[in-house]
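What you see is a predicted model; the values in this text were computed from it and never measured.
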Amino acid sequence: MNRTGTASTTKSAHFGMTKDGSARGAYGGRPGTGRFGGFKGGGNRSFRPKSAGGGGRKKMPSFDPSRFINTNPVSLNEEVYIPKHRFDSFGLNPKLSDVINGMGFVTPSPIQDQVIPEILVGKDVVGLAETGTGKTAAFLVPLINENIKDPRRQTIILAPTRELAIQIEDELHRLSKGMGFTSVVCVGGVSIGPQIKALRRPNQFIIGTPGRVMDLLRQKRLATRDIKNVVLDEADRMLDMGFINDMRTILATIPKERRTLFFSATMPEDARKIIKDFLRDPVIISVKKKDVVSTIAQDVVPYEHHTKFDTLLSLLSKPECKRVLIFGSMKHSVEKLAKLLTTSGVSSESIHGNKNHTQRQRALLSFKQGRVRVLVATDVAARGIHVEDITHVINYDLPNTFENYVHRIGRTGRATKKGIALSFVPRAH
């Protein structure tokens, strides 16, 4: 969503704001030459660096480091999308229109502009768009509109991570303020008891991760017979996390007379099968431009193994590194790195699978509110964490696949903002 033709940097990335800035390839390589620390960007040689975390069997990266380099200038003016609608032209219920207007939003983002009308007329939808383009509001706005007309309608939203599920509910609360809707978040990492208790009341919206929803179904604590809408948010990530069987089982329990909305940044083969088996004549809407958005400048940081941490400290000393998300490969190495950074004077927190829900939320809140400048995370944070104005994403340890790389760097350069993504690669000798 956009304000009345003006840019802003203070609102949620769900609503696509702009930010002025520039990015240059000045991190140890020579932009335009494709040569960084001994790697030739135009070559076909792959590399398999050792994991910084050490220990355990781990699938190693095997893609060309030149894919981490974007020598083209980052521009926010490559394409100007002209929306066909305004929020006041969708025919929304006045209550919802008043809330959206009160939030100051007038013009929808491209995915919202194209998806909302299709959902409003009852179509199954496949929405393909990069992260940070407003997908959450794209499905919540029309579904809330329906619930105003018929409060008995029930929607289940599946998301890959508990962080994303919580943020979807937060967005729901903002958009349905004063409407009296009830919702429940069903995620792992916290006690199932309060979730079971909350499910005893009528809920217009059930938001959960596939694993916890399956637990509730097995215990017969979750009834799906009255569900009219299903949303699969960031479906590719759920599939990548191994939830395909859970997703299929959950969908099979829901009455066929439903509407299914499928949102994804990529379209792997498993996703195509889900669409074929569970969606009815869906409208396919894609606002994807390419695999890596043009608002992100990408570069590599060559390092020597014995000076890797010092290289990171030097990088973080740059004044432009204002809010930084660092990705590591292993839970224990992420925790260690965050502690080392803090000891070295760089305020940091960490998020990984060994932290419980409360600890992860506390770390995320500290990062969001600016109490720490750096958040170090495993891939659990690659999707579903939406934090304003992340200036840099640093791949301290490389991801396993290029697709995961795209998911990671999508935490910066969101919507129409600019960002920088840097990947540490060992120097060739």
Side-chain angles (χ1 to χ4, degrees), residues 124 136 139-140 143-144 146-148 150-176 179-235 237-263 270 274 277-279 353-362 364 380 383-385:
D124 282 17
T136 304
F139 62 76
L140 283 179
L143 294 178
I144 290 169
E146 284 189 353
N147 273 89
I148 296 173
D150 181 5
R152 296 171 298 176
R153 293 187 69 88
Q154 192 172 60
T155 295
I156 187 168
I157 302 170
L158 297 181
T161 65
R162 54 191 170 191
E163 285 81 12
L164 179 55
I166 292 167
Q167 288 180 94
I168 291 171
E169 187 183 46
D170 288 344
E171 193 82 355
L172 171 66
H173 288 167
R174 285 192 290 269
L175 288 167
S176 63
M179 299 178 194
F181 295 155
T182 57
S183 61
V184 56
V185 171
C186 302
V187 296
V190 293
S191 173
I192 198 172
Q195 296 170 16
I196 291 173
K197 183 179 180 180
L199 286 168
R200 292 177 187 149
R201 68 171 186 246
N203 289 281
Q204 283 87 2
F205 292 87
I206 300 168
I207 308 164
T209 50
R212 177 49 61 91
V213 170
M214 279 297 300
D215 290 340
L216 292 163
L217 285 174
R218 291 190 191 100
Q219 296 182 34
K220 301 186 185 303
R221 303 292 189 171
L222 172 60
T224 58
R225 60 182 177 271
D226 295 325
I227 290 175
K228 302 297 183 184
N229 299 304
V230 177
V231 180
L232 304 176
D233 192 22
E234 301 203 354
R237 182 60 174 163
M238 286 192 284
L239 293 168
D240 184 56
M241 293 170 69
F243 286 130
I244 184 167
N245 291 330
D246 288 348
M247 292 167 68
R248 285 185 166 275
T249 300
I250 294 166
L251 288 169
T253 69
I254 299 170
K256 293 183 178 180
E257 293 301 315
R258 64 169 186 266
R259 179 177 43 204
T260 306
L261 309 176
F262 183 104
F263 289 86
D270 283 342
I274 290 282
D277 293 345
F278 293 101
L279 274 70
N354 283 348
K355 285 197 169 185
N356 62 35
H357 174 75
T358 300
Q359 291 170 325
R360 286 163 63 170
Q361 287 300 112
R362 186 183 301 123
L364 181 58
V380 70
R383 300 288 284 277
I385 288 184

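Annotation for Q219: atom CD counts as buried by contact number, over 12 foreign heavy atoms lying within 6.0 Å. More than 12 heavy atoms of other residues, nucleotides or ligands sit less than 6.0 Å from atom CZ of R201.
Considering CZ of F205 and OG1 of T182, their distance stands at 9.5 Å, rounded to 0.5 Å. If you take CE on M241 and CE on M247, they are separated by 11.0 Å, rounding to the nearest 0.5 Å. How far CZ of R221 is from CG of L216: 9.0 Å, rounded to the nearest 0.5 Å. The CZ atom of R212 sits 12.0 Å away from atom CG of L222, with the distance rounded to the nearest 0.5 Å. One distance of note links CD1 of I144 with CD of E171; it measures 8.5 Å at 0.5 Å rounding. Going from atom CG of D246 over to atom CG of L251 covers 11.0 Å, rounded to the nearest 0.5 Å.
At distances below 3.5 Å, not a single donor-acceptor pair connects side-chain atoms of Q195 with backbone N or O atoms of V184. For the pair S176 (side chain) and F181 (backbone), a donor-acceptor distance under 3.5 Å is absent. One N or O on the side chain of N203 and one on the backbone of A198 form a donor-acceptor pair closer than 3.5 Å.
At a threshold of 4.5 Å between non-hydrogen side-chain atoms, the residues F139 and T155 do not count as touching. Looking only at side-chain heavy atoms (C-beta outward), E146 and N229 come within less than 4.5 Å of each other. At a threshold of 4.5 Å between non-hydrogen side-chain atoms, the residues R362 and T358 count as touching. Counting only heavy atoms from C-beta outward, the side chains of I274 and R248 approach each other to under 4.5 Å.
Ion pairing between a basic and an acidic side chain is recognised when a charged N comes within 4.0 Å of a carboxylate O; D150 and K228 show no such pairing.
For A159 against P210, the heavy-atom pair with the smallest separation is O-CD, 3.3 Å. Closest non-hydrogen pair, P160 versus R237, comes out as CB-CG, 3.7 Å. Across all non-hydrogen atoms, the minimal contact from R162 to T209 is N-CG2, 3.7 Å. Pairing each heavy atom of V230 with each of I227, the nearest pair is CG2-CG2, 4.2 Å. Across all their heavy atoms, C186 and L199 have their closest contact at SG-CD1, 4.2 Å. Closest heavy-atom contact between Q359 and N354: OE1-O, 4.4 Å.
Remark: the S183 side chain and the E169 side chain contain an N/O donor-acceptor pair separated by less than 3.5 Å. Using a 3.5 Å distance cut-off with no hydrogens or angles, the side chains of T260 and R258 do pair a donor with an acceptor.
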Please report the C-alpha distance between L217 and T224 in whole Å, then the side-chain angles of each, then the deciding distance to 0.1 Å, and finally whether the side-chain contact (heavy atoms from CB on, under 4.5 Å) criterion is met.
CA-CA 9 Å; L217 285 174; T224 58; 3.8 Å; yes
Applying side-chain contact (heavy atoms from CB on, under 4.5 Å), run through V231 and L143 and close with a yes or a no.
CA-CA 10 Å; V231 180; L143 294 178; 3.8 Å; yes
In sequence, state the C-alpha distance, the side-chain angles, and the governing distance for F243 and L158, and then conclude on side-chain contact (heavy atoms from CB on, under 4.5 Å).
CA-CA 11 Å; F243 286 130; L158 297 181; over 6 Å; no
